[in-house]
Student: 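Let me begin by handing over the structure; questions about it come next.
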Amino acid sequence: MPEIQKALQDISAKESITLPPKFSAMISKKSNRNLRRAVMSLQSCYVEQYPFQPDQRIPQPDWETFISQIGTMMIVEQSPKQLLNIRNKLYELLVHCIPPNEIIKKLALCLIENLDISLKYEVVHWAAYYEHRIEEGSKAIFHLEAFAAKFMSLYKEFLIQN
């Protein structure tokens, strides 16, 4: 992370932006060791509010928010109609060049946040299974939709049993 902080400081200096070290540390931590993401976060924070505040919120990328919405949709209703809506949203992510393995990873993380421990293992197992299928197959949308359908069926079964 010190490398990312240094890169952010260098960029800030070249752009004549005052970047507090504490804030650059927050950005680098939130970026999960991803320089591209850190630079994009710096840009969005600059647009949102400059000069920077020590407690300033670092916005989440739009596509991650979109994936969170998909996860919420999957938990709220498990029906064929909802699956079709989810498929359209997943397809929209793919059209905007979001890598399918990132989609399934973020979606699984979003789903397991509020689940019972017994379901968490199942979700992680099936996410890994379909992520592998994405790598092996040619049409990512099929595997993403299959993961969504599998989760929705597992969750519906869980709700019926409890």
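Predicted, not measured: the structure shown is a model, and the values here were computed from it. Sequential numbering from 1 along the given sequence is applied to the chain's residues.
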Student: Going by the salt bridge (charged side-chain N to carboxylate O under 4.0 Å, His left out) test, which pairs reach into residues 111-133, not counting sequence neighbours?
Tutor: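 Qualifying pairs, neighbours excluded: none.
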Student: Step by step, work out the side-chain contact (heavy atoms from CB on, under 4.5 Å) result for I134 and Y129.
Tutor: CA-CA 9 Å; I134 286 170; Y129 175 80; over 6 Å; no
Student: Look at the side-chain heavy atoms of Ile, Leu, Val, Met, Phe, Trp and Tyr, link any pair under 4.5 Å apart, and say whether F66 and L107 land in one connected group.
Tutor: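 Shared cluster, yes.
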Student: Is I4 linked to M40 within one hydrophobic cluster, defined over Ile, Leu, Val, Met, Phe, Trp and Tyr using a side-chain heavy-atom separation of less than 4.5 Å?
Tutor: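 The answer is no; the residues belong to distinct hydrophobic clusters.
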Student: In chain order, what residues pass the side-chain contact (heavy atoms from CB on, under 4.5 Å) check against Y91, with sequence neighbours excluded?
Tutor: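 With sequence neighbours excluded, Y91 shows a side-chain contact (heavy atoms from CB on, under 4.5 Å) to V95, I141, given in chain and number order.
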Student: Out of curiosity, N114 CG to L119 CG, how far, rounded to the nearest 0.5 Å?
Tutor: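 If I round to the nearest 0.5 Å, the distance is 12.0 Å.
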Student: Under the side-chain contact (heavy atoms from CB on, under 4.5 Å) test, which residues partner E157, sequence neighbours left out?
Tutor: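 Counting only residues at least two positions away or on another chain, E157 forms a side-chain contact (heavy atoms from CB on, under 4.5 Å) with Q161.
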Student: Do P51 and T18 touch side chain to side chain, with heavy atoms closer than 4.5 Å?
Tutor: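 No; the side chains remain at least 4.5 Å from each other.
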Student: Keeping E77 on the side-chain end and M73 on the backbone end, is there a donor-acceptor pair under 3.5 Å?
Tutor: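 No, because the side chain of E77 does not come within donor-acceptor range (under 3.5 Å) of the backbone of M73.
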Student: Can you find a heavy atom in the side chain of Q78 that is under 4.5 Å from one in the side chain of S153?
Tutor: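 Not in contact.
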Student: Kindly indicate whether the side chain of C45, heavy atoms from C-beta on, has any atom under 4.5 Å from the side chain of Q56.
Tutor: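 Touching, per the 4.5 Å side-chain cut-off.
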Student: Give every residue pair that meets the ring-ring contact (aromatic ring centres under 6.0 Å, His included) criterion with at least one member in residues 25-47, sequence neighbours excluded.
Tutor: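 ring-ring contact (aromatic ring centres under 6.0 Å, His included) check on residues 25-47 returns Y46-Y50.
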Student: Could you give all pairs that pass the salt bridge (charged side-chain N to carboxylate O under 4.0 Å, His left out) test and reach residues 144-155, with sequence neighbours left out?
Tutor: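 Qualifying pairs: R87-E145.
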Student: Hey, does L19 have a side-chain heavy atom less than 4.5 Å from the side chain of L42?
Tutor: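 Side chain of L42 against side chain of L19, heavy atoms only: contact under 4.5 Å found.
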Student: Flag yes if L35 and I17 sit in one hydrophobic cluster, no otherwise; membership is Ile, Leu, Val, Met, Phe, Trp, Tyr, and two members link when side-chain heavy atoms are under 4.5 Å apart.
Tutor: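 Hydrophobic grouping puts L35 with I17.
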Student: Would you say the side chain of I86 lies within less than 4.5 Å of the side chain of L90, judging by non-hydrogen atoms?
Tutor: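 Counting from C-beta outward, L90 and I86 do come under 4.5 Å.
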Student: Do L144 and L94 pass the side-chain contact (heavy atoms from CB on, under 4.5 Å) test, and can you show the C-alpha distance, the side-chain angles, and the key distance before you say yes or no?
Tutor: CA-CA 10 Å; L144 290 170; L94 292 172; 3.9 Å; yes
Student: Not counting sequence neighbours, which residues clear side-chain contact (heavy atoms from CB on, under 4.5 Å) with I75? List them please.
Tutor: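 Per chain and number, I75 pairs via side-chain contact (heavy atoms from CB on, under 4.5 Å) with L111, F151, Y155.
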Student: Return the NE2 to CG distance between H132 and N101, rounded to the nearest 0.5 Å.
Tutor: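 That separation rounds to 13.5 Å.
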Student: Is there a path from V76 to F158 through hydrophobic residues (I, L, V, M, F, W, Y) whose side chains come within less than 4.5 Å of each other?
Tutor: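 Unlinked, V76 and F158 end up in two clusters.
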Student: Could you pull out all residues at least two apart from S16 that satisfy side chain to side chain donor-acceptor pair (under 3.5 Å)?
Tutor: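 Scan of S16 (side chain to side chain donor-acceptor pair (under 3.5 Å), adjacent residues dropped) gives none.
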Student: Treat each ILVMFWY residue as a node, draw an edge where side-chain heavy atoms are under 4.5 Å apart, and state whether L154 and I160 are in one component.
Tutor: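 L154 and I160: separate clusters.
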Student: Under the side-chain contact (heavy atoms from CB on, under 4.5 Å) criterion, do K89 and I67 qualify, and how do the steps go?
Tutor: CA-CA 9 Å; K89 289 186 176 285; I67 290 174; over 6 Å; no
Student: State, to 0.1 Å, how close S31 and S28 come at their nearest heavy-atom pair, and which atoms those are.
Tutor: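 Between these two residues, the closest heavy atoms are OG-O, 2.8 Å.
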Student: What pair of heavy atoms forms the shortest contact from G71 to C110, and how long is it?
Tutor: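 That closest heavy-atom pairing would be CA-SG, 4.2 Å.
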Student: Under the salt bridge (charged side-chain N to carboxylate O under 4.0 Å, His left out) rule, collect the residues that match up with R57, sequence neighbours excluded.
Tutor: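 With sequence neighbours excluded, R57 shows a salt bridge (charged side-chain N to carboxylate O under 4.0 Å, His left out) to E48, given in chain and number order.
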Student: Is I117 isolated, or which residues cluster with it under the ILVMFWY side-chain rule of less than 4.5 Å, directly or via members?
Tutor: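 Under the 4.5 Å side-chain rule, I117 groups with Y121.
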Student: Kindly write out the residues that satisfy side chain to side chain donor-acceptor pair (under 3.5 Å) with N34, not counting sequence neighbours, or none if the list is empty.
Tutor: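 Partners of N34 under the side chain to side chain donor-acceptor pair (under 3.5 Å) test: none.
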Student: Please name all residues satisfying side-chain contact (heavy atoms from CB on, under 4.5 Å) with E102, sequence neighbours left out, ordered by chain then number.
Tutor: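 With neighbours one apart ignored, the set is W63, P99, K105, K106.
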Student: A148 and L83: which non-hydrogen atoms are nearest, and at how many Å?
Tutor: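 Distance-wise, the nearest heavy atoms are CB-CD1, 3.9 Å.
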Student: Listing request: all ring-ring contact (aromatic ring centres under 6.0 Å, His included) pairs with a residue in residues 3-23, at least two apart in sequence or in separate chains.
Tutor: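 For residues 3-23, and leaving out neighbouring residues, the ring-ring contact (aromatic ring centres under 6.0 Å, His included) pairs sorted by first residue read F23-F52.
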Student: After noting the C-alpha distance and the side-chain angles of N88 and E92, does the key distance pass the side-chain contact (heavy atoms from CB on, under 4.5 Å) rule?
Tutor: CA-CA 6 Å; N88 291 335; E92 193 172 328; over 6 Å; no
